[in-house]
Amino acid sequence: IKDKNDINRMCEYFKAAGDYRMYAIFMVGINTAYRISDILSLRWGDILNESGEFWRKEKKTGKWRFICLNQTLLNALDLYRQKTDVAVSSDVDRKLKRAVADLGIAAHAGTHLMRKTFAYHYLTGAADRSRALEQLMLLLGHSSPRITLSYAGITEDELRDAYECTCLGC
């Protein structure tokens, strides 16, 4: 999701529906770039500590990853904690697709939507895009900048802008 207003609309959609679990899952995904399997395996003991930071082994890659929870995410988790229930991956996928469709957001919905949203906004908001790309590669566990740029949806946007901004001839 490239438009920050659409991100906020997704958050409000889940909260208005009283689906605080989906709101929390969405918030964890867009604020940590965690895969759905890693989000659903989180336990309160993993994330509740004074610093809001922890190391955790990713299910898919087996790599250890450092996570830092920002205050916005901690607030969302606190709201969810008041209304705790269980979730399964297919349920999350279905609810993300429904929210995107109901809100008319131009994005391919699936459980990777959250990681890709994080990646896009991390790169486009960075003052030093080269450094941010290196950091994002580490965060996502990617092996090349090309994969990360493509994953974040940057490649096509930037190529389109390059063509549109370079008008040569008369």
Side-chain angles (χ1 to χ4, degrees), residues 1-2 4 6-7 10-11 14 20-81 84-97 99-100 105 107-159:
I1 301 175
K2 296 179 179 180
K4 288 186 178 181
D6 286 342
I7 293 169
M10 288 281 288
C11 292
F14 291 127
Y20 297 102
R21 173 190 56 183
M22 270 308 298
Y23 169 63
I25 289 169
F26 183 70
M27 290 293 289
V28 171
I30 65 172
N31 282 284
T32 67
Y34 242 13
R35 288 179 182 88
I36 192 65
S37 58
D38 294 311
I39 294 171
L40 295 179
S41 70
L42 286 173
R43 300 292 172 251
W44 289 115
D46 296 330
I47 58 177
L48 294 179
N49 61 56
E50 291 180 22
S51 68
E53 301 174 353
F54 58 94
W55 283 89
R56 195 136 193 282
K57 188 184 270 191
E58 292 183 326
K59 284 184 165 245
K60 180 178 178 178
T61 65
K63 296 177 184 175
W64 284 93
R65 177 147 168 234
F66 175 72
I67 300 294
C68 180
L69 307 178
N70 62 41
Q71 192 57 53
T72 301
L73 178 51
L74 289 170
N75 293 343
L77 290 171
D78 187 48
L79 184 61
Y80 166 65
R81 192 169 175 201
T84 302
D85 62 3
V86 296
V88 295
S89 182
S90 60
D91 189 40
V92 173
D93 185 67
R94 182 180 51 78
K95 288 182 177 187
L96 286 170
K97 287 178 178 174
V100 165
I105 295 172
H108 175 74
T111 55
H112 276 274
L113 171 83
M114 299 173 291
R115 276 173 57 90
K116 290 180 176 189
T117 297
F118 175 91
Y120 178 84
H121 288 281
Y122 186 78
L123 278 178
T124 59
D128 182 348
R129 297 267 306 262
S130 295
R131 180 73 176 134
L133 180 57
E134 292 172 5
Q135 292 168 336
L136 190 56
M137 282 176 53
L138 290 172
L139 284 170
L140 297 176
H142 289 164
S143 58
S144 77
R146 178 177 229 146
I147 291 170
T148 302
L149 287 171
S150 176
Y151 191 84
I154 300 294
T155 307
E156 287 181 21
D157 290 344
E158 288 189 341
L159 289 175

Using side-chain heavy atoms (C-beta onward) and a distance below 4.5 Å, is [X] in contact with [Y]?
{"X": "M22", "Y": "V92", "value": "yes"}
{"X": "K97", "Y": "R94", "value": "no"}
{"X": "T32", "Y": "M114", "value": "no"}
{"X": "L40", "Y": "I25", "value": "yes"}
{"X": "L138", "Y": "R65", "value": "no"}
{"X": "Q135", "Y": "Y122", "value": "yes"}

For a quick test of reading the model, state the closest non-hydrogen atom pair linking [X] to [Y] and the distance between them.
{"X": "A132", "Y": "L123", "answer": "C-CD2, 3.9 Å"}
{"X": "S41", "Y": "R56", "answer": "O-NH2, 2.9 Å"}
{"X": "A24", "Y": "Y80", "answer": "CB-CB, 3.4 Å"}
{"X": "L139", "Y": "E58", "answer": "O-OE2, 4.2 Å"}

Rounded distance (nearest 0.5 Å) linking atom [atom1] of [X] with atom [atom2] of [Y]:
{"X": "D78", "Y": "L73", "atom1": "CG", "atom2": "CG", "result": "11.0 Å"}
{"X": "T111", "Y": "K116", "atom1": "OG1", "atom2": "NZ", "result": "9.5 Å"}
{"X": "I30", "Y": "I7", "atom1": "CD1", "atom2": "CD1", "result": "5.0 Å"}
{"X": "L96", "Y": "H112", "atom1": "CG", "atom2": "NE2", "result": "12.0 Å"}
{"X": "L74", "Y": "R81", "atom1": "CG", "atom2": "CZ", "result": "11.5 Å"}
{"X": "Y23", "Y": "L79", "atom1": "OH", "atom2": "CG", "result": "6.5 Å"}

Report yes or no: does [X] contribute a side-chain atom to a donor-acceptor pair with the main-chain N or O of [Y] at less than 3.5 Å?
{"X": "T117", "Y": "I1", "answer": "yes"}
{"X": "D38", "Y": "K59", "answer": "yes"}
{"X": "K2", "Y": "G153", "answer": "yes"}

- Please lay out, stage by stage, how I154 and R129 fare under the test side chain to side chain contact (heavy atoms under 4.5 Å, CB included). CA-CA 11 Å; I154 300 294; R129 297 267 306 262; 3.6 Å; yes

- Can R21 and D91 be counted as an ion pair, charged N to O under 4.0 angstrom? yes

- Task: Go through I147 and L140 one step at a time and tell me if the side chain to side chain contact (heavy atoms under 4.5 Å, CB included) criterion holds.
- Result: CA-CA 10 Å; I147 291 170; L140 297 176; over 6 Å; no

- Item | Pair N75-M27, side chain to side chain contact (heavy atoms under 4.5 Å, CB included): steps then yes or no | CA-CA 10 Å; N75 293 343; M27 290 293 289; over 6 Å; no

- Apply the test side chain to side chain donor-acceptor pair (under 3.5 Å) to residues Y151 and R115: give CA-CA distance (whole Å), side-chain angles for both, the deciding distance (0.1 Å), then the verdict. CA-CA 9 Å; Y151 191 84; R115 276 173 57 90; 3.0 Å; yes

